[in-house]
Amino acid sequence: MHLSAHEIEFRNQRLAHLETLKAAGHRPYGRAFERTGSLADVRAAFAEGLAVRVAGRVVAVREMGKSVFAHLQDGTDKFQIYVQKNALGDESFAAFKAVDLGDFIGLEGELFTTRTGEQSVKVLRWELLSKALHPLPEKWHGLSDTEVRYRQRYLDLIANPEVRRVFNARSRILSFIRRFLEARGYFEVETPVLQTMAGGAIANPFKTFYNALGQSMYMRIAPELYLKRLLVGGYDKVFELGKNYRNEGLDRSHNPEFTALEIYEAYGDVKTMMKLVEELVSGAAQEVCGTLQVGKEGQEQIDLTPPWRVATYRDLVLEKAGADWFEKSVAAAREWARARELDIPNEMTHAQITHEVYDKLVEKTLIQPTFVTRLPAELVPLAKRCEDDPSVVDVFELVVRGRELCPGYTELNDPLDQRARLEEQAAGDAAKIDEDFLRALEHGMPPAGGMGIGIDRLVMVLTGEESVRDVMLFPQMKNREPKPEEPQAE
RNA sequence: GGGACGGUAGCUCAGUCGGUAGAGCACGAGCCUUUUAAGCUUGUGGUCGCGGGUUCGAGCCCCGCCCGUCUCACCA
């Protein structure tokens with residue numbers, strides 16, 4: 001811990017205050033303190049003259065000679081306390097002067113309303129519960145240095161109430177999802193994070209080593225292949241809510257570890273999943289935001305009222321690139337895309353150029369919730385082909401505010417087609433084929449629908465936050481100084 | 001990885017032309033028994049991100065590096 005001379009001085013002052021309080025009979029780091037209730041409870045049950053016991057962190061102090069006003073903050077609210085010399089006695093009042101901003105105290109007293117109309121507690125007895133040795137961030141502007149906000153999130157949470165609201169919303173969204181799915185008969189399961197093959201998606205995994213078995217392991221990039229084994233095993237409706245880990249870049253919509261919800265339903269298909277995700281997301285919005293119009297002030301509001309727009313991949317591309325797009329030669333398509341400042345290497349196929357057009361020109365214009373359906377089969381190796389056109393698969397990608405929020409499939413349960421598709425994707429590298437998964441499929445998996453929701457992105461949509469770092473308590477940050485023994489990337 | 005921008009007191013931020021580093025909050029001392037961004041008096045507090053360079057003199061100019069934000073690219 002590196003402290004400046006100034007910080008050391010602050011800390012020494014507070015240590016001296018701690019000694020003063022010890023001398024006055026306080027336990028420096030307190031003990032359990034029985035409360036009448038949280039500050040929010042006390043506010044809700046407010047009655048003039050009512051005796052209460054409350055506790056919290058001291059976040060503001062206004063000294064006025066023989067009396068002191070202060071504010072206590074706990075996880076629920078902020079509440080004013082009033083400390084008077086003649087109510088406490090000289091000793092206890094003098095000791096209170098050694099309470100610093102940031103300290104936790106517990107107290108008993110009675111409720112009253114001040115001249116200016118603020119509900120407050122008149123303190124009759126108080127005790128120190130914990131001493132803070134560092135000052136709080138600035139009381140008016142809060143903490144705005146983004147780096148400190150993420151690295152020392154606790155300071156952000158103390159100083160910036162709107163940050164707390166985002167994480168409260170996140171908690172309520174997770175809670176809603178579980179209740180919603182349980183009420184519809186889905187079972188919550190947990191499958192391995194440490195896997196011998198990282199399947200179910202296409203992404204670089206984090207690699208590690210398990211000493212006891214002497215084998216390398218991967219952190220999962222998706223739970224999909226294990227959940228499908230459970231469909232084989234007879235679970236009809238399952239979901240898993242947990243972390244995935246991807247060894248990829250870091251930007252405002254990607255963090256190396258992120259929370260995903262995956263749901264599988266036997267005897268369902270992509271339409272089952274579309275209906276489910278509409279109800280799930282709009283239900284969460286109604287419960288957590290109290291409305292289906294979500295977004296921060298100044299943002300385009302997202303209207304989550306079902307039913308949402310459904311459009312095929314092909315139609316969306318045609319809308320942007322012209323009705324003759326798929327009749328164009330590769331060269332003509334390449335020229336058209338390059339004229340729109342897309343980076344198109346010569347070896348790109350027509351399908352790849354099309355995807356580039358979709359990715360760069362179509363997807364980010366889809367602000368209101370849109371199900372993009374019938375994607376090219378080569379993009380989605382784990383989905384079933386459409387019966388009327390085997391070049392596309394029976395899937396949707398839900399796009400909101402220009403970002404993919406949730407893919408959903410009619411799952412591929414044909415073990416022979418699945419093997420062919422995985423082999424094609426592995427491009428001859430047999431080590432990339434998950435034989436154990438294929439064996440499970442060969443035991444018979446019922447037809448099923450499945451989907452995955454990026455929870456962090458869902459929270460972003462519902463709270464209007466624009467960076468994934470603002471909806472994760474502890475986003476990934478780089479070490480300030482590289483460790484000397486740090487291995488370099490391969 | 002490229003580009004733009006940022007890093008100055010514990011926090012929020014100024015800092016002019018290259019010429020003695022500032023304010024508010026916080027903190028210390030003093031006054032104040034219904035204040036609330038309390039108020040009044042007064043004082044303390046600096047590795048100007050790090051390392052070089054130019055210069056009589058660098059927070060400011062130049063070079064390299066670190067961290068962050070945005071953005072583009074990569075990855076899919």
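Letters A, B, ... mirror the listed sequences (proteins, then strands); counts begin at 1.
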When the [atom1] atoms of [M] and [N] are compared, how many Å lie between them, rounded to an integer?
{"N": "B:G24", "M": "B:U42", "atom1": "P", "result": "12 Å"}
{"N": "B:C48", "M": "B:A58", "atom1": "C1'", "result": "11 Å"}
{"N": "B:G64", "M": "B:G28", "atom1": "C1'", "result": "42 Å"}
{"N": "B:C17", "M": "B:U55", "atom1": "C1'", "result": "15 Å"}
{"N": "B:C62", "M": "B:C27", "atom1": "P", "result": "40 Å"}
{"N": "B:G6", "M": "B:C61", "atom1": "P", "result": "10 Å"}
{"N": "B:C66", "M": "B:G52", "atom1": "C1'", "result": "15 Å"}
{"N": "B:A23", "M": "B:C50", "atom1": "C1'", "result": "27 Å"}

I want to check something: taking the side chain as every heavy atom from C-beta on, are A:Lys78 and A:Val59 in contact at a cut-off of under 4.5 Å?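 Yes, close enough: below the 4.5 Å cut-off.
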Side-chain touch A:Glu110/A:Leu124, heavy atoms, less than 4.5 angstrom: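 A side-chain contact exists here, since the closest heavy-atom pair is under 4.5 Å.
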Just checking, is any N or O donor in the side chain of A:His141 or A:Glu138 under 3.5 Å from an acceptor N or O on the other one?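 Yes, a side-chain donor-acceptor pair sits under 3.5 Å.
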Under 3.5 Å, is there a donor on one side chain and an acceptor on the other for A:Gln368 and A:Arg309? no
I'd like to know if [X] pairs up with [Y] as an ion pair, taking the criterion as any Lys NZ or Arg NE/NH1/NH2 lying under 4.0 Å from an Asp or Glu carboxylate oxygen.
{"X": "A:Asp434", "Y": "A:Arg419", "answer": "no"}
{"X": "A:Arg401", "Y": "A:Glu300", "answer": "no"}
{"X": "A:Arg35", "Y": "A:Asp74", "answer": "yes"}
{"X": "A:Arg246", "Y": "A:Glu257", "answer": "no"}

Closest approach to the side chain of [X], judged atom by atom: which nucleotide of [options] is it?
{"X": "A:Gln13", "options": "B:C70, B:U35, B:G28", "result": "B:G28"}
{"X": "A:Glu118", "options": "B:U35, B:A76, B:C70", "result": "B:U35"}
{"X": "A:Leu101", "options": "B:A26, B:U35, B:G45", "result": "B:A26"}

Please tabulate, for the side chains in residues 80-93 of chain A, all donor-acceptor contacts under 3.5 angstrom to protein atoms that are two or more places apart in sequence or on a different chain.
| residue | atom | partner | partner atom | Å |
| --- | --- | --- | --- | --- |
| A:Gln80 | OE1 | A:Arg62 | NH2 | 2.7 |
| A:Gln80 | NE2 | A:Ser120 | OG | 3.0 |
| A:Ser92 | OG | A:Trp126 | NE1 | 3.0 |

With heavy atoms under 4.0 Å as the rule, sort [X] into base, sugar-phosphate or nothing.
{"X": "A:Arg469", "result": "sugar-phosphate"}
{"X": "A:Asn247", "result": "nothing"}
{"X": "A:Phe112", "result": "base"}
{"X": "A:Arg252", "result": "sugar-phosphate"}

Taking the six-membered ring of A:Tyr226 as reference, does the NZ or CZ atom of A:Arg229 fall below 6.0 Å from its centre and within a 45° cone about the axis? yes
May I ask you to check if A:Arg340 and A:Trp336 form a cation-pi contact, with NZ or CZ under 6.0 angstrom from the six-membered ring centre and within 45° of the axis?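 Output yes; distance and angle both within limits.
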Any side-chain N or O of A:Thr113 below 4.0 angstrom from OP1/OP2 of B:U34?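 No, no such contact exists.
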Can you list the residues that meet the salt bridge (Lys or Arg N to Asp or Glu O under 4.0 Å) rule with A:Arg149, with sequence neighbours excluded? A:Asp156, A:Asp470
A:Lys478 meets the salt bridge (Lys or Arg N to Asp or Glu O under 4.0 Å) criterion, sequence neighbours left out, with none
Send over the distance from [X] [atom1] to [N] [atom2], rounded to a whole Å.
{"X": "A:Trp140", "N": "B:C13", "atom1": "CH2", "atom2": "P", "result": "15 Å"}
{"X": "A:Gln152", "N": "B:G68", "atom1": "CD", "atom2": "P", "result": "14 Å"}
{"X": "A:Asn12", "N": "B:G45", "atom1": "CG", "atom2": "C1'", "result": "14 Å"}
{"X": "A:Leu3", "N": "B:G46", "atom1": "CG", "atom2": "C1'", "result": "15 Å"}
{"X": "A:Arg151", "N": "B:U69", "atom1": "CZ", "atom2": "C1'", "result": "13 Å"}
{"X": "A:Asp156", "N": "B:C11", "atom1": "CG", "atom2": "P", "result": "14 Å"}
{"X": "A:Lys364", "N": "B:C72", "atom1": "NZ", "atom2": "C1'", "result": "10 Å"}
{"X": "A:Arg62", "N": "B:U33", "atom1": "CZ", "atom2": "P", "result": "16 Å"}

Residue mapping more 5' on RNA chain B - nearest nucleotide basis, A:Glu356 or A:Thr146: A:Thr146
In terms of the nearest nucleotide of RNA chain B, which residue is placed more toward the 5' end: A:His17 or A:Thr114? A:His17
Taking Watson-Crick (N1-N3 plus N6-O4 or O6-N4) and G-U wobble (N1-O2, O6-N3), each under 3.5 Å, can you produce the dot-bracket string of RNA chain B? Use [ ] for crossing pairs and | for inter-strand ones. (((((((..((((.....[..)))).(((((.......))))).....(((((..]....))))))))))))....
Do A:Glu240 and A:Arg220 pass the salt bridge (charged side-chain N to carboxylate O under 4.0 Å, His left out) test, and can you show the C-alpha distance, the side-chain angles, and the key distance before you say yes or no? CA-CA 13 Å; A:Glu240 179 162 10; A:Arg220 74 171 171 205; 2.9 Å; yes
Do A:Gln80 and B:U35 share a donor-acceptor pair, side chain to base, under 3.5 Å? yes
Has the side chain of A:Arg115 got a donor or acceptor atom sitting under 3.5 Å from an opposite partner on the base of B:U34?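 No such pair is found, so the answer is no.
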Mind listing the N/O atom pairs, protein and nucleotides 29-32 of chain B, below 3.5 Å?
| residue | atom | partner | partner atom | Å |
| --- | --- | --- | --- | --- |
| B:C32 | N3 | A:Gly65 | N | 3.1 |
| B:C32 | N4 | A:Gly65 | N | 3.3 |

Can you give one letter per nucleotide of nucleotides 1-10 of chain B, going 5' to 3': B for a protein heavy atom under 4.0 Å from the base, S for sugar-phosphate only, - for none? --------SB
